[in-house]
Amino acid sequence: MIYMDNSATSPVKEEVFNAMVPYLKEEFGNPSTFYKLGRNAKKAVEEAREHVAKLINADTREIIFTSGGTESDNMAIKGVALKYEDKGKHIITTEIEHPAVLRTCEFLETRGYEVTYLPVNENGIISIDDLKDAIREDTILISVMHANNEIGTIQPIVEVGKVAKENGILFHCDAVQSVGKIPVDVKEANIDLLSISSHKIYGPKGVGAIFIRKGVKLELLIHGGGQENRLRSGTENVPGIVGFGKAAELAYEQLDENIAKLTELRDSLIEKISERIPEAYLNGDRENRLPNNVNFRFAAIEGEGLILRLDAKGINGATGSACSSKSLKASYVLSALGLEDAEIHGSLRLSLGTENSLEDVDVVVDALDEVVAGLRRMSPLWDNENNESLELDESKFTDPDH
Ligand SMILES: *Cc1c(COP(=O)(O)O)cnc(C)c1O
């Protein structure tokens, strides 16, 4: 099996698993208790916090553990919206955010907030001028993701942070796809709130963190026993947090090595697909792109068929984003790039992981070449004689003499 869907989730690393095991067994203490068992659990949680903080250049006290990226996004956006509603009810975000941000913003719109969704250019990047133009007196929050989960495009967050700071507006960044893959520095980018998820960086599912800059106030979503510096109640997911901490530690130590390796694999995959498969086009920006993201659209291809045939060959990829692959709705991210529905349905995301190799790349390119050619042979939109796509000519379907 070749797994190339690491943006949907990533396998738990062996070291991460081993670090978690004691906390699922003998070290089962509640970190809020004061006897040794509890103190051990507390110490493990605090060590994990240090590793997560270091990965994004934050202070340990600025890291709060949550149940994952979705909760962190909700906590940041709803937390700021509720806390600052007297100051204003306007939020700026982008059209290509993860659903955890978009649905949260839409919810707030039903409660009297106004949201501006910034468009992106054909490569998936926002314009800083659009951002400046969108700012109003009553803008309380800018939420712009670092790297997009579908097309891997990296936003100019240092510039976004500068604009936010100059205008006295809080800046939340969904960095779930970028943390551990490329350098993320909350100080350099003037980030006030940042979302991270463990299972996207080879840690366990159901755990993540939110960075809250010292001094930033939030309304709380979860009330209770006052864990996590009273910001996020609930007995800590100790084994999950320990695993997340280990994953963060490894990501930090191996960052440069992983960037070099994944960039080589990504570039090889892009080059070989472009060379071998006719009418294959890269979605997203070629330069400002995560080292592990490849997203192509293939003319005259239907993505679902592509995924199923690749799956039959033991290769896992994604059409659209994992969250929307259950429905046949065209990906809103690809649509924001200005692509037609037919082009979107013919798109494939391959997100590489540190387990992948150059041999995997060759196997995948061979399989893809074969599968795409096979599907095209049966496609009414493909000209098998000339090996090129056909212009959609309505008359062909309606003229009985044709
Ligand atoms: C996966 C993902 C999330 C959600 O994180 P979970 O931990 O799965 O809840 C949020 N934002 C982005 C960009 C993601 O890729």
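Start at 1 and go down the list; that is how both ligands and their atoms are numbered. All residue numbers refer to positions in the sequence shown, counting from 1. What's counted below: heavy atoms across the whole structure, side chains too, no hydrogens, waters or symmetry copies.
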Exercise. With a cut-off of 4.0 Å, which atoms of ligand 1 are near a heavy atom of Gly68?
Worked result: 7 (O)
Exercise. Counting each atom of ligand 1 from 1 as listed, which ones have a heavy atom of Asn149 under 4.0 Å away?
Worked result: 13 (C), 15 (O)
Got a salt bridge between [X] and [Y], using NZ or NE/NH1/NH2 to carboxylate O under 4.0 Å?
| X | Y | answer |
| --- | --- | --- |
| Lys246 | Glu15 | no |
| Lys43 | Glu46 | no |
| Glu166 | Lys132 | no |

Exercise. What do we get for Asp73 next to ligand 1 when only non-hydrogen atoms under 4.0 Å count, side chain, backbone, both or neither?
Worked result: side chain
Exercise. Is ligand 1 under 4.0 Å from a heavy atom in the side chain of His199, in the backbone, in both, or in neither?
Worked result: side chain
Looking only at protein heavy atoms, which one is nearest to [atom], and how far off is it?
| atom | answer |
| --- | --- |
| atom 7 (O) of ligand 1 | Ser197 OG, 2.6 Å |
| atom 1 (C) of ligand 1 | Lys200 NZ, 1.4 Å |
| atom 11 (N) of ligand 1 | Asp174 OD2, 2.7 Å |
| atom 12 (C) of ligand 1 | His98 CD2, 3.3 Å |
| atom 4 (C) of ligand 1 | Thr70 OG1, 3.5 Å |

Problem set entry | Interatomic spacing from NE2 in His172 to CD1 in Ile142 - rounded to 0.5 Å | 12.5 Å
Exercise. Applying the side chain to side chain contact (heavy atoms under 4.5 Å, CB included) test to Met4, which of Asn292, Leu310, Leu269, Leu348 qualifies?
Worked result: Leu269
Exercise. Between Ser67 and ligand 1, is there a nitrogen or oxygen pair with a distance under 3.5 Å?
Worked result: no
Problem set entry | Heteroatom distance test (Gly69, ligand 1): nitrogen or oxygen, under 3.5 angstrom | yes
For this session: State whether the side chain of Glu62 and the backbone N or O of Lys214 hold a donor-acceptor pair below 3.5 Å, judged by distance alone.
Result: yes
Problem set entry | Sidechain-backbone polar pair: Gln227 side chain, Gly234 backbone, donor-acceptor under 3.5 Å | yes
For this session: Determine whether the side chains of Thr94 and Glu97 contain a donor N or O and an acceptor N or O closer than 3.5 Å.
Result: yes
